[in-house]
Amino acid sequence: MNLTALLLLASDQPGPIDNGNDFWFVPAATDYADTHDWVYSIVLWLSVFFFILIVGVMVKFAFDYRRRSNFEAAGQGPTHNLALETVWTVVPLLLSAGLFMIGIDTYADFKTAPANCYEVDATAQKWVWQFDHRNGASDSLVLKVPVGKPTKVTLRSNDVLHSFFIPAFRVKHDVVPGRYGSVWFTPREPGIYQGYCTEYCGTGHSKMNFYVQAIPADEFEEVIAQDARWIDDYSGDRLVWAGARLFARCASCHSLKPGERMTGPSMWDLHASWGKTKQVEVDGKITDVTIDENYVLESIVAPWEKIAPTYLNQMPANFGQQLGAKELDALVRFVRQLDDVVDANGELRDEPEPTTN
Amino acid sequence: MSAIDHHDDHADEPWLQHHWNNSGQQFEAGKLGMWLFLATEFLLFAGLFCAYAVYRSNHPELFEYGAKFLDWKLGATNTAVLIASSFTMAWAVTAAQRGQIKLMNILLFITFFGGVGFLGIKYIEYTSKFKDNIYWGTTLYEEVEGVTHDLTVTEEVASDDDVMVETRFDLPAPQPENLSAVAEAPAGPGGLSAGGLAMLDAEQAESQADHHGDHSDHADHDQHDDHAHGDHGDHGDHGDHAGHADHGGHDDHAHHPNPRIDPERPANAHLYFGIYYTMTGLHGAHVIIGMIVIAWLFLRGVRGDFSAKYFTPVDLGGLYWHVVDLIWIFLFPLLYLV
Amino acid sequence: MATITPADTHTHDDHHGDYITCSKGIMSWLITLDHKRIGVMYVIATLASFLLGGLFALGIRTELIAPGETIMDADTYNRFFTLHGAIMTFLVIIPAIPGALGNFVLPIMLGAKDVAFPRLNLMSFYLWVLGAGMTVYSMLQGGIDTGWTFYTPYSIEEGRQGVFWVGMGVFILGFSSIFTGLNFIVTVQRLRPPGMTWFKLPLFLWAIYATAIIQVLATPVLGITMLLLAAERIMGIGIFDPALGGDPVLFQHFFWFYSHPAVYIMILPAMGIISELISVHCRREIFGYKMIAFSSVAIAFFSFLVWGHHMFTSGQSPLMNAIFSAITFSVAIPSAVKVFNWILTMYKGSISFTTPMLYALSFLFIFAIGGLTGLPLAVLSTDVQLHDTYFVVAHFHYVMMGSTLIAMIGGLHHWWPKITGRMYNERLGQIGAWIVFIGFNLTFFTQFMLGTKGMPRRYHDYQTGLGWSAETTELFHTYHFISTIGSYVMAVGFFLTAFYLLQSLVNGRKAPANPWGGASLEWECSSPPPHHNFDETPTPEYCYNFDHWVWNEEEQGYVRRDAATS
């Protein structure tokens with residue numbers, strides 16, 4: 001399945017991610033990340049020092065005092081030394097107090113969002129994110145943020161616990177149902193950064209990833225404005241391509257390849273039986289249903305009603321509310337005309353240029 | 001091969017296990033072990049008290065509201081019963097100490113019936129709660145004794161499939177918003193007696209049955225409609241009740257309206273009852289365990305196992321019973337008298 | 001045991017032979033009240049669980065050897081890591097040292113004839129069996145996929161009934177643990193023979209005593225948590241369910257209020273074993289006895305105050321985070337003190353690199369890493385980055401597996417001659433220890449780098465796909481590959497160990513009473529010990545004074561100096 005192609009289609013060319021070749025972290029992309037790495041390196045070198053001390057002394061003693069004969073007398077050494085014991089209690093105590101202070105200090109930076117943030121909402125649900133900008137632009141895969149300006153992401157969950165994590169920014173926050181959480185960051189450079197869900201949330205947990213795209217501030221507003229209008233560019237026959245873009249949200253659970261089983265059934269298989277009768281489970285009973293536009297629409301807005309046999313009733317129930325009529329229409333068309341958009345291997349074809357008339 | 005084999009070694013002290021030097025040491029160890037066990041029992045309940053404290057401080061209104069439905073008289077009677085049985089238990093231990101084994105047996109017997117009495121009263125309490133539709137969880141919002149659990153089917157919904165995109169398709173799981181929507185539904189004009197609502201509910205249960213009948217005509221839509229009702233009802237049913245405000249009613253439940261249809265009910269009222277049933281239920285389980293212990297002690301007492309020299313099990317069983325009693329003494333004011 | 005009564009000595013004549021041969025038949029084991037036999041049953045039971053949990057681990061690592069679905073789908077994987085975690089935590093690490101080694105060794109070391117409540121002890125074991133049975137039953141029901149932490153609301157929604165069974169299994173295992181701890185506290189308090197003062201207690205007993213306190217005081221909270229979870233699933237009371245107005249973070253508080261102290265239930269007895277291993281195999285009095293003893297108690301105390309550090313990113317208030325961070329550092333101090341004491345014990349010792357000593361040295365190496373990597377997790381800002389990534393996975397495996405299990409296996413080798421009366425193949429033992437050590441570090445050190453680079457834990461896959469770039473896959477692949485190879489190496493080490501240990505039962509050399517020259521009381525009695533532990537009254541002495549034990553070539557073991565010279 002060429003998900004990358006799908007991805008490129010779903011959002012404007014996120015481009016490659018520069019992971020660098022640091023031994024520990026991916027390259028820091030914010031000032032806070034630099035601070036964080038500085039704290040980490042203090043802890044690290046302190047740890048390395050103590051580790052070498054402990055293991056070094058251990059190896060030396062092990063070598064120096066190895067038993068040469070079974071008849072050797074029992075070892076005789078000091079059994080306590082108050083001064084030494086005091087030192088090795090007090091020194092770690094002071095060091096850890098220092099670490100604590102540094103940790104608190106930088107944590108305060110992490111927690112305190114500046115006043116003039118660009119604000120965006122992130123909603124998590126099994127197993128997809130949705131990023132809503134205040135102007136109505138919405139995306140499930142790429143969180144677009146301006147470069148050089150602090151962005152505050154407000155987090156909420158529709159179902160279970162999730163966690164919002166962007167390693168390059170060194171930020172993470174659990175997304176707890178019933179509570180709001182937030183993180184903030186100021187990307188320094190334009191670029192693409194990898195994001196993850198880091199709180200276990202079920203079958204699709206490892207597919208619940210996203211990108212952060214930092215866009216130069218002067219272009220940012222226009223890009224977002226464009227995003228808010230994106231579906232307006234599609235109409236008539238081309239709506240099926242809008243469906244392909246929207247489908248990015250569904251792709252963590254539905255394959256486009258023939259016969260590929262994911263959390264939900266393959267859309268290719270569904271498309272292949274278009275107009276035919278298929279068996280579905282309704283309240284645990286097997287019933288025949290005709291695969292048509294109504295069936296697809298119902299499966300999106302009321303997925304609990306008819307369950308494909310051997311699959312579980314796992315699809316979130318609220319997609320129907322999140323999508324407008326035109327978007328639903330686009331998705332239905334996408335499934336109906338899947339072979340126009342996708343080749344026999346489940347790879348997306350190139351989206352044709354709009355014909356201007 | 002075990003300790004039991006060595007009982008003959010201590011013909012004069014058959015209870016003494018082989019690894020103890022004397023029965024004093026064994027008794028002391030038993031007592032220490034029992035106290036540690038009781039500490040764990042307290043900590044088990046401490047978890048529940050913590051949950052109670054967290055919810056009490058975050059949602060005091062739930063406790064104020066929920067406690068109204070508990071009968072403090074029954075609770076107080078139960079407290080008295082338990083304290084009395086604790087007293088007879090303590091007396092039984094003293095009797096054992098003095099070697100009055102017959103008296104001890106009688107007192108254990110009485111203590112056992114203290115437990116029976118407690119559970120009997122608890123049974124009365126629980127059943128009357130169930131009668132008033134006071135349940136844990138979302139059951140609180142469902143009509144349990146009526147024709148159907150699906151109380152929420154009260155509103156006719158357009159049955160055609162054309163407007164799927166609208167909010168008809170809510171989350172199937174009950175959401176906090178839904179519940180609070182129910183709670184905040186306005187009371188009917190001119191006020192509405194709860195009894196009236198109860199009557200009205202019965203009527204609706206009937207009309208509901210009819211409603212289902214109608215639908216069998218166009219079975220192809222049935223599935224859909226059922227669901228839509230399920231979701232919608234939560235929002236709709238109280239508005240509906242309000243419309244029938246002029247139904248008068250008997251005032252059996254004037255002081256304790258059925259919380260299911262009480263317009264005054266705060267959001268998430270079920271949490272209080274969840275805590276109530278969990279705490280009293282777990283305590284009830286401990287009472288049952290205590291009664292089993294007492295019954296066992298009684299049987300051993302009748303068999304003649306105990307004497308002034310050896311009554312450790314009675315002493316330890318007594319400790320357990322006192323702790324069960326003590327936990328109730330905490331539960332009673334926290335749940336009934338808030 | 002200065003106060004053995006004539007009646008007691010008389011009973012020894014009834015039982016010829018040691019505890020293994022004194023009575024025959026399967027029932028004489030299954031309903032035994034002898035702490036040694038119960039200990040042996042625990043050894044078998046926990047090692048069998050370890051095998052099961054280990055097979056799950058190998059499945060997990062094999063799935064992750066390459067991007068894409070390697071051998072199992074996401075659902076299966078999720079059940080694998082959940083059962084791996086639940087089995088290893090609740091069935092293996094928590095009961096392994098107190099239940100198995102503690103049961104066998106504690107009364108003998110103390111100079112007692114049994115634990116305080118032998119019947120309760122047997123009941124603990126059968127509660128363990130029942131709890132384990134329920135866990136296994138849940139596997140037959142399709143397993144659970146909530147993670148061993150059972151976080152709500154996922155664990156409430158989860159469709160299969162397994163959560164109920166495992167939850168109740170854990171509840172019952174909790175009571176098994178409570179009763180074991182209770183038994184040990186009373187045993188140490190009330191069954192110390194005259195002359196066995198607190199500061200003559202072997203440090204293993206101090207550690208077990210401190211552990212027992214945690215077991216008794218923390219486990220009930222786990223019990224109530226599991227009951228509430230069950231009530232949540234069956235009755236829907238809503239306390240933890242946000243859909244019903246409940247608070248899922250409250251569950252985390254409840255869970256970690258037990259499960260953080262549980263970490264010390266795991267590590268404290270391991271530290272106790274290490275104190276024994278290092279002093280005995282260095283034949284050198286332990287350095288700073290009182291510091292080690294008190295630090296065990298200090299760790300037990302602090303362990304109750306740090307649970308919140310599992311929730312730094314959960315949205316609890318920053319003030320709480322700061323407090324928990326500060327207290328978390330305080331746990332580091334007594335742990336560091338112990339390590340320094342162990343190292344100084346080697347100074348001017350007479351160090352013999354036997355298998356148990358190799359495991360003890362592995363422990364020092366691994367625990368140093370495990371402990372030091374705890375620091376960036378205690379520092380608030382770095383924890384935010386590392387929380388729920390492989391860094392945490394690596395850290396707690398370094399502490400729980402690398403330290404606790406390594407100590408457990410070291411202790412098993414140390415007391416194996418005492419338990420079975422047989423010597424294992426020393427050469428194979430040393431090879432096995434090295435293989436396990438190398439395999440372990442290969443497996444888990446790479447995971448630190450995975451974690452800092454952002455690989456989240458509990459991920460079934462890291463294949464390039466929607467929202468996952470090719471560069472990210474490349475970033476993780478090598479580390480995952482090395483980690484999986486390491487796990488295979490470790491498995492080879494463990495299977496080799498299992499092989500020679502079993503072989504020793506068949507044709508191992510007969511063990512002398514004191515193969516290592518230990519001076520605590522268990523080395524006074526024969527190997528294996530007699531039914532009532534001591535044929536003659538032992539006189540408790542300071543157990544780290546090795547002077548009066550000397551090597552005897554004929555015995556291939558140590559004998560008392562007075563016996564040797566006479």
Side-chain angles (χ1 to χ4, degrees), chain A residues 3 7 16-17 19 24-26 36 39-40 43 47 51 54-55 57-58 61-62 65-67 70-72 74-75 77 79-80 85 88-89 92-93 96 99-100 103-104 106-107 110-111 141 160-161 163 167 170 172-174 176-179 181 194 196 198-200 203 206 209-210 251-252, chain C residues 74-75 147 151 153-154 242 248 282-285 287-288 291 313-315 318 322 325-326 329 332-333 336-337 339-340 343 346-352 364-365 368 372 375-376 379-382 384-385 387-388 452-454 456 458-461 465-469 471-472 475 546-547 551:
Chain A
L3 280 166
L7 166 74
I17 291 177
N19 282 321
W24 295 110
F25 296 100
V26 295
H36 164 277
V39 175
Y40 182 81
V43 181
S47 303
F51 179 71
I54 289 168
V55 174
V57 172
M58 178 180 99
F61 286 172
Y65 304 110
R66 66 190 183 279
R67 189 177 301 174
N70 278 333
F71 295 99
E72 209 169 88
T79 57
H80 41 76
E85 290 177 74
W88 74 39
T89 310
L93 191 66
S96 60
L99 289 182
F100 166 73
I104 283 289
T106 44
Y107 181 71
F110 164 74
K111 271 301 197 197
L141 195 58
V160 297
L161 294 169
S163 187
R170 318 285 189 259
K172 179 183 288 135
H173 202 287
D174 286 7
V176 182
R179 292 185 181 192
Q194 181 77 56
Y196 308 90
T198 46
E199 184 64 67
Y200 176 70
T203 315
S206 59
N209 319 114
F210 60 96
S252 48
Chain C
D75 264 331
Y151 271 13
Y154 188 80
C282 295
R283 279 180 60 69
R284 149 84 153 85
E285 183 176 344
F287 186 90
M291 284 287 264
T313 67
S314 73
S325 168
F329 277 110
I333 311 302
V337 165
V339 172
F340 296 139
I343 301 279
M346 293 169 68
Y347 176 63
K348 291 197 171 170
S350 164
I351 303 169
S352 155
L364 286 179
F365 182 95
L372 289 167
L375 291 177
V379 175
L380 277 176
S381 50
T382 43
V384 167
Q385 166 77 359
H387 179 73
D388 267 339
T452 49
K453 288 182 164 49
R458 296 174 170 174
Y459 262 33
H460 159 246
D461 198 4
L466 195 70
W468 189 292
S469 72
E471 293 83 4
T472 308
L475 184 68
F546 300 98
D547 275 341
W551 177 257

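Convention: sequence-line order gives letters A, B, ...; per-chain numbering from 1. Remember, predicted model here, so these are calculated numbers, not experimental data.
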Worksheet item: Checking C/Lys348 side chain against A/Gly75 main chain: does a donor-acceptor pair fall under 3.5 Å?
Response: no

Item to complete: Can you measure from CD (A/Glu85) to CE (C/Met291) and round to the nearest 0.5 angstrom?
Response: 4.5 Å

Worksheet entry | Donor-acceptor pair, side chain of A/Arg67 and main chain of C/Ser350, under 3.5 angstrom | yes

Worksheet item: Quick one: does C/Glu471's side chain have a donor or acceptor within less than 3.5 Å of a partner on A/Pro16's backbone?
Response: no

Practice prompt. Tell me, with the steps shown, if A/Ser206 and C/Asp461 meet side-chain hydrogen bond (donor to acceptor under 3.5 Å, both in side chains).
Written response: CA-CA 6 Å; A/Ser206 59; C/Asp461 198 4; 5.9 Å; no

Response to the item:
Scanning both residues in full, the closest heavy-atom pair of A/Val57 with C/Ile343 reads CG1-CG2, 3.4 Å

Worksheet, complete the sentence: Bottom line for C/Leu375: the part with an atom under 4.5 Å from chain A's heavy atoms is both

Worksheet entry | N/O donor-acceptor pair under 3.5 Å between A/Asn19 side chain and C/Leu475 backbone | no

Discussion item. Keeping A/Lys172 on the side-chain end and C/His387 on the backbone end, is there a donor-acceptor pair under 3.5 Å?
Written reply: yes

Worksheet entry | Region of C/Val339 that comes under 4.5 Å of a non-hydrogen atom in chain A | side chain

Practice prompt. Heavy-atom distances under 4.5 Å only: say whether C/Pro248 touches chain A with side chain, backbone, both or neither.
Written response: side chain

Worksheet item: Taking side chain as C-beta onward, heavy atoms only, is A/Tyr40 less than 4.5 Å from C/Pro376?
Response: yes

Worksheet item: Does any heavy atom of chain A fall under 4.5 Å from the side chain of C/Ala332, the backbone, both, or neither of them?
Response: neither

Worksheet item: Taking atom types as modelled, is there a side-chain donor on C/Thr313 or A/Asp174 under 3.5 Å from an acceptor on the other?
Response: yes

Worksheet item: Does a side-chain heavy-atom distance below 4.5 Å link A/Arg170 with C/Val384?
Response: no

Worksheet item: Does the separation of the ring centres of A/Tyr200 and C/Tyr154 fall below 6.0 angstrom?
Response: yes

